[in-house]
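For reference, positions follow the sequence shown, starting with 1. Each ligand, and each atom within it, is numbered from 1 in the order the structure gives.
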Amino acid sequence: MDLRIDMCLAAIVVLLACSCAGAKDAGRFVTAQMRANALANVGAYEWAAAEQKAAVDAAARWVAMSDDELWAMVTSQELPRDIHTNKDVGCPNCGSGIARFGNYPWRAGADWKLECPNCGAVYPKNDFRAFYESALDEHGCFRRELGDKALLFNAEHPDPNDPLHKLYVDDGYGLPDEKGNRHRFIAYYNSWVQWIRVRYALIELMRAYALTSEPAYAHKCAVLLDRIADLYPDMDFAPFHALGFEHSHGGWGIGRIIGCLWENDHVWHFTRAYDVIFDGIQGDEALVRYCSAKAQQFGLGDKSSMEAICRHIEDDLIVEMLNSYKDGRIDGNTARIRNPAAAAIALDRADETAQWLDYLFDPGYPHEKYQNPVPFLAMEGLDRDGMGSMCGGYGTMQKDSLIDLAEVMAAYPEYTAHNLVADYPKLKQAFLIDHRLRCLNHVMPPIGDSGSTGNWGVPPGHHVFLRGYKLYKDPRMAALAWHYSGRKPEALRLPFDDIFREAPEALAGEIAASVGEAELGLVSDHLGRYGQAVLQTQSAQDGRALWIHHGFGKNHSHRDCMTIGLYAKNIDMLPDLGYPEYTGSWPKRGAWTSNTVSHNTLLVNDTASGYSPGGRIELFAISPPLRAIDVSSLTAYPGMRTYRRSLVMVDVPPTDSYVVDIFRARGGSNHRLSYNGPSGAATVEGLTLQPQPTGTFAGPEVGFTELPGEGETTSNTSGFSYLYDVQRSGGPVSSAYTVDWKGEDLRKRIKEGSEPHLRLHSLTTSDEVALASGDPPQNKGGNPRSLRYLIQSRLGDDVESQFLNILEPYDTTPFIRRVRALQVSHDADANSVAALAVELADGTVDIVIQCEQPTAVQVEGGIEFNGQLGLIRLVEGEVKLMRMSNATLLRHGALTLSAPVAAHEGTVTAIDTTDPMNNTISLDPPLPGDESLVGTVIHFGNGLPLDTSFDVKARTDDGISTGDITIIRGFVDQKDFAAGHTYLVNPGDGYLLPLTRALDR
Ligand SMILES: [Zn+2]
Ligand SMILES: [Zn+2]
């Protein structure tokens, strides 16, 4: 061969190689090696064979479909999508009867039919399939105007002269009922049935390919992806928003196939499906022939080679999606940051992928309206405890997205500019928080828009702890994975994950070998910014848990600062209403469900408290049988001098606890403390209430949900007109009384022979006491029809209050005989000291003394106390035990418990966060050499509205370590992450470490 020609050929080869450099050449999320491991594991392990078989079985329904049938499943832009049919009216036949089936209640019926789960009615009544097919244009796209209108009739009334001939007929854009209400059945079906089927087809085909390496699955999956890529560039939700269709877009009114929030699910599944099946379609000539033929028939782009098809899917689907993170039509914020990363990696073009990943870390991400790049999310979005900045499931979704992101990026090791695990130590806590959020190792308080009324929920899945253990090898994660897996080694496998590993059982074996047999005990815990603090018994068996909420800056919050909850006797004794019927501007949401008065907290000025204003823990003492917390918030209501709740939980062996609840407030008008027990009926003793024949708690002349006040709206109302069936004392109440709620078994939690109650003993002097009923959201399965509220009101201007109530959750028979206030003498403000005797059924008497600040108090019966909290338990008149916290003296008769200091106090001199696993704070004076201080709680005094209390994880030479709980709060400059951090604790802050002392006899 001529040398020159040879060189020319070489040059062409180089050029070709260059033009391909940066093009995707292999699957990333499941590599060829991983697929080979899966096949080997299928041969070696029964569980792996079962996982493969399940994937093959799931994909069978899609494999049974022809390529044309799959291709035709994908609908185009002009067919609307909606998440509701008509949420105000409900079902055209049974109306609001459908509400109890949830927010998205309709069931998929036959082709393009929806069925009401309540009455069985089916809509629409026309054969929409026939109309749809008549409306397809030359590209196979639905065009409403092209459809054959003669096909738009009620198939149950085919006679054109029948007056019902045109009723309940949907051409895609909704149908009017007899009253003129529009119901959007086809749009709902398109969103919830049609597109969900497409998504499932992709997922199930992708999984079957990954676990079998059979190209047939990849082929079917690619037929769908190619067709989606044909249609995706036109997909835009905004025109439908303008027409009144609803979707998940956070109020922005934008999106692609669906609203900009939920479109993320499409990004995640579509782009990963492409990546995983990529290897399987290389060399699939039948796919090229099929797509080419379709392209010719329907006037689509170039599909003459596999390269062209892949480029089409990448450019017209993946890049389209990525670009939408910039224009906002896909929302890349907070809980959804993993998705653009997955898309960028699926795209797998060296430079472009790196640029997209860089963009996620850029201060300008995603666009000007709001900037939430990864560094912000991982440093400010996550709090020190690893929880996101939103309530309930929203917050855990947010942190899960960062966990996912870390794993997604691990699939692309070439990218080294950022490393989530190394760079963002808060991420580690995100693997532990699902456990810390739980009461009794099971139930997560339904704070804000989360959960439902009285629901016990489910314990956390164990996979998150397993994933954490893989990354950090933290023995706590191993123990949690073991506990929440039900102690089954076979459960310690991650589905669609371990099967791809070379030694797939190694990790499970390591965990099973490392954990002991001890039960996972309960820990009383506090979460600073999330503001959930829990006092709970040591064991979940017959466990009791009391929580208080004082979150700061949380999205999806209710106006519920200092609300409390109580789990006891296997039910929720103080049920929060939880998730509203609907979010957005749903009237009852603002006026009632998220309003202050519907919570177990104090309303001031007859207005709602602040939105997630934060509160600070002043005391956190654990010394069974006593557990106590004291929280203060000066941001809940502007101008208040005091807004502070002190809770003391005392165990009564063997299986009971009572709660002393002291709410102090100074300033503002009309203090009203609200409680709602676990049922719609309550029995009052020691007090006579008169029924108010008409109206609501807002007044006899104000009807249910009316807002007659000048300028009164659903967003500024007191919510009083949502409280009906009112009974009132009609005047001041100064004597003790009780209110008893008998728990209702709406969630199958009450065992045969049990009869749980909540009894409230009031020692509060009120200007009025009232009972009234309020309604939980009615579209959440298991929610009660109504709850009975107790409202203690202290009326007037510049009111000063000390509400004193005792909560007694009991089974069948009360364990408290009576409670009474004790005479005290002291020099402090009258409302700052509370002392009471709790006489138990067996004759035991508990004396509880609780002061706002450490105070010298003489209590009737010859008791002397100097401090903040004291407990004396007397059995047959003899002291059985004493507890005191932040106190120096507790004396009963000849018996004295004393201490040289109530607390260690001083100033922070330095902080050091260099080692994220060992955050240290230097103190002046340093703490004494006392290892019993490890495990106690230290409070730092500063001007922050959120809590800055920390567990002492270890003592250091000159202070303490908070261990791997960071004291970093966030960034100094949101535009310049290199400019340094802000901190929760700073030199110059005061510190207070209250001491708790015990005496047992
Ligand atoms: Zn119905
Ligand atoms: Zn709430």
Side-chain angles (χ1 to χ4, degrees), residues 84-102 104-109 113-125 168 175 177-179 181 183 185 188 390-395 443-455 457 530-532 547-551 554-566 572 574-583 586 588-603 608-613 636 674-676 678 719 722 774-780 783-784 787 789:
H84 300 295
T85 54
N86 181 329
K87 67 179 189 290
D88 299 316
V89 173
C91 169
N93 185 47
C94 68
S96 60
I98 196 174
R100 67 193 172 95
F101 291 89
Y104 314 111
W106 290 91
R107 286 196 191 125
K113 301 282 186 197
L114 293 171
E115 186 184 313
C116 173
N118 187 47
C119 71
V122 171
Y123 300 98
K125 299 292 187 187
Y168 299 130
L175 58 82
D177 63 18
E178 295 97 319
K179 295 180 188 129
N181 302 306
H183 298 265
F185 288 106
Y188 184 103
M390 296 192 269
C391 289
Y394 289 108
V443 50
M444 188 160 116
I447 290 170
D449 293 340
S450 79
S452 49
T453 317
N455 196 358
Y530 191 70
Q532 171 184 300
W547 58 265
I548 181 167
H549 176 236
H550 55 89
K554 286 155 63 170
N555 209 333
H556 278 281
S557 177
H558 292 177
R559 297 182 178 275
D560 61 353
C561 187
M562 306 285 227
T563 193
I564 59 170
L566 177 63
D572 186 345
L574 292 169
D576 197 285
L577 299 183
Y579 208 92
E581 266 139 4
Y582 301 98
T583 54
W586 184 249
K588 187 176 163 189
R589 179 197 191 190
W592 172 247
T593 312
S594 66
N595 211 343
T596 306
V597 74
S598 70
H599 290 83
N600 291 292
T601 191
L602 182 72
L603 184 77
S609 61
Y611 185 87
S612 206
S674 177
Y675 290 97
N676 58 278
Y722 283 73
D775 294 344
Q778 293 297 302
N779 62 353
K780 306 290 179 284
N783 274 9
L787 292 172
Y789 286 74

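- Ring pair Phe185/Trp106 is perpendicular by interplanar angle, where above 60° counts as perpendicular and below 30° as parallel.
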**Message:** Working note: Asn676 + Tyr789, criterion side chain to side chain contact (heavy atoms under 4.5 Å, CB included); need CA distance, chi angles, decisive distance, verdict.
**Reply:** CA-CA 4 Å; Asn676 58 278; Tyr789 286 74; 3.4 Å; yes
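- With the Zn ion (ligand 1) at the apex, Cys91 SG and Cys94 SG define an angle of roughly 110° (rounded to 10 degrees).
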**Request:** In sequence, state the C-alpha distance, the side-chain angles, and the governing distance for Asn779 and Tyr582, and then conclude on side chain to side chain contact (heavy atoms under 4.5 Å, CB included).
**Result:** CA-CA 9 Å; Asn779 62 353; Tyr582 301 98; 3.7 Å; yes
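- Atoms CG and CG, on Asp572 and Asn455 in that order, are 9.0 Å from each other to the nearest 0.5 Å.
- Take Asn555 and apply the side-chain contact (heavy atoms from CB on, under 4.5 Å) test, not counting sequence neighbours, and it matches Met390, Tyr611.
- Looking at Glu581, Lys588, His599 one by one, the single match for side-chain contact (heavy atoms from CB on, under 4.5 Å) with Thr593 turns out to be Lys588.
- Listed by chain and number, His558 ND1, Asp576 OD1, His599 NE2 are the protein N/O/S atoms closer than 2.8 Å to the Zn ion (ligand 2), with waters left out.
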